[in-house]
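Just so we're clear, the structure is a prediction, and the values are computed from it rather than from any experiment.
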Amino acid sequence: VCPDLSRTEFADVTAEMYPLGTKLYYECDDGYERRSGQYLGIRCQSTHWVASWVYKEFECIDKKILLSMDPTMELNFTQKTERKTQSLATQKQENLTEFDRKDFCGPPKTIPHASLSLNNKYYVGQVLHFKCQSGYDKQSPTSGTRTCKKVNGTITWTHLDMRCTNDS
């Protein structure tokens with residue numbers, strides 16, 4: 001496990017690949033609610049010598065619709081969105097090299113009306129991409145990466161050479 005990552009002010013953090021063992025969690029957007037009894041976590045693990053995300057059933061439903069839809073309509077909606085999001089995730093996974101597919105998961109599938117959050121635990125090999133948020137003064141460079149590496153037995157993050165500022 002990598003050390004805690006210091007916060008970078010006025011910057012957004014993303015990742016394109018996740019090492020084995022990474023856990024991510026879906027959060028429903030405002031106005032939506034997780035279907036009762038469904039688990040919001042996913043995990044990157046090796047299945048048949050290929051790194052892939054292990055999903056449980058998860059869906060975010062509009063709170064207003066949740067109260068007014070009958071069960072048959074909800075089931076049909078679930079099946080349609082599942083097919084669409086699964087094909088997007090499969091397409092992104094295919095872009096990884098053979099080496100990457102063994103040790104890293106590609107981007108997780110998108111779930112309608114949900115966003116992903118990290119559990120703040122990263123593993124050696126994780127590369128994070130930083131980019132200044134819109135609306136903030138950017139000083140070159142305006143984007144960069146940090147990688148969690150093991151050097152001489154010590155696990156550490158590489159230096160991030162970027163700065164995003166706010167006039168106030």
Side-chain angles (χ1 to χ4, degrees), residues 1-8 11-62 66 71 74-131 133 143-160 162:
V1 176
C2 300
D4 288 340
L5 188 65
S6 59
R7 187 173 176 272
T8 303
D12 291 320
V13 183
T14 60
E16 294 171 5
M17 297 188 332
Y18 300 86
L20 291 171
T22 300
K23 292 180 185 177
L24 299 176
Y25 298 91
Y26 287 101
E27 294 176 355
C28 291
D29 297 338
D30 288 341
Y32 292 85
E33 194 171 289
R34 171 174 54 108
R35 187 181 289 278
S36 178
Q38 292 184 344
Y39 183 66
L40 46 96
I42 61 174
R43 182 183 178 98
C44 177
Q45 66 184 50
S46 183
T47 309
H48 305 293
W49 300 281
V50 175
S52 59
W53 292 106
V54 176
Y55 296 92
K56 304 276 187 200
E57 188 177 350
F58 183 79
E59 181 182 10
C60 294
I61 301 169
D62 188 321
L66 185 62
E74 287 182 44
L75 180 61
N76 290 337
F77 174 77
T78 302
Q79 290 171 341
K80 279 183 185 176
T81 56
E82 183 66 26
R83 269 189 233 116
K84 180 181 173 186
T85 56
Q86 203 160 13
S87 65
L88 289 172
T90 303
Q91 183 179 3
K92 289 179 182 177
Q93 183 77 18
E94 287 170 0
N95 293 335
L96 298 175
T97 66
E98 187 176 331
F99 170 77
D100 292 339
R101 279 185 259 157
K102 291 179 183 174
D103 300 316
F104 292 89
C105 289
K109 69 180 178 180
T110 55
I111 302 281
H113 315 295
S115 56
L116 281 165
S117 68
L118 291 162
N119 65 351
N120 294 329
K121 286 187 181 178
Y122 301 99
Y123 298 89
V124 172
Q126 180 69 65
V127 178
L128 298 177
H129 302 268
F130 293 78
K131 188 173 182 178
Q133 294 172 345
S143 63
T145 61
R146 291 187 84 177
T147 304
C148 182
K149 293 185 172 186
K150 188 172 189 173
V151 180
N152 297 329
T154 303
I155 299 174
T156 184
W157 288 99
T158 57
H159 178 70
L160 178 66
M162 68 172 273

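- The shortest distance between side-chain heavy atoms of K150 and I155 falls below 4.5 Å.
- Side chain of R146 to main chain of T158: a donor-acceptor pair is present (N/O by atom type, distance under 3.5 Å, no hydrogens or angles).
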Self-check item: Verdict with reasoning, F58 to I42, per side-chain contact (heavy atoms from CB on, under 4.5 Å)
Solution: CA-CA 10 Å; F58 183 79; I42 61 174; over 6 Å; no

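- Nearest heavy-atom pair, F130 versus M162, reported as atom, atom and distance to 0.1 Å: CB-SD, 3.5 Å.
- Y123 is not listed as a side-chain neighbour of C148, based on a closest heavy-atom distance of 4.5 Å or more.
- Taking both residues in full, the closest heavy atoms of L20 and Q45 are given as CD2-C, 3.5 Å, listed atom of the first, atom of the second, then distance.
- What you find for C105 and A51 is that their closest heavy atoms are SG-C, 3.8 Å.
- Between atom CD of residue E16 and atom CZ of residue F104 there is a gap of 12.5 Å, rounded to the nearest 0.5 Å.
- Residues I61 and Y32 fail the side-chain proximity criterion, which asks for heavy atoms closer than 4.5 Å.
- Here the closest heavy-atom approach between residue E59 and residue Q38 is recorded as N-OE1, 2.7 Å.
- Residues Y55 and P108 form a side-chain contact, since some pair of their non-hydrogen atoms from C-beta on lies under 4.5 Å apart.
- Side-chain atoms of E33 and C28, non-hydrogen and from C-beta on, never get closer than 4.5 Å to each other.
- Side chains of Y122 and T147 form no contact here, defined as non-hydrogen atoms less than 4.5 Å apart.
- Proximity of W53 to K109: side-chain heavy atoms (C-beta onward) are nowhere separated by under 4.5 Å.
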Quiz prompt | Verdict with supporting geometry, H113 and D62, side-chain contact (heavy atoms from CB on, under 4.5 Å) | solution = CA-CA 8 Å; H113 315 295; D62 188 321; over 6 Å; no

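- Note that SG of C60 and CZ of R35 are 10.5 Å apart. Values are rounded to the nearest 0.5 Å.
- Residues Y26 and L116 meet the side-chain proximity criterion, which asks for heavy atoms closer than 4.5 Å.
- One distance of note links OG1 of T145 with CG of L128; it measures 9.0 Å at 0.5 Å rounding.
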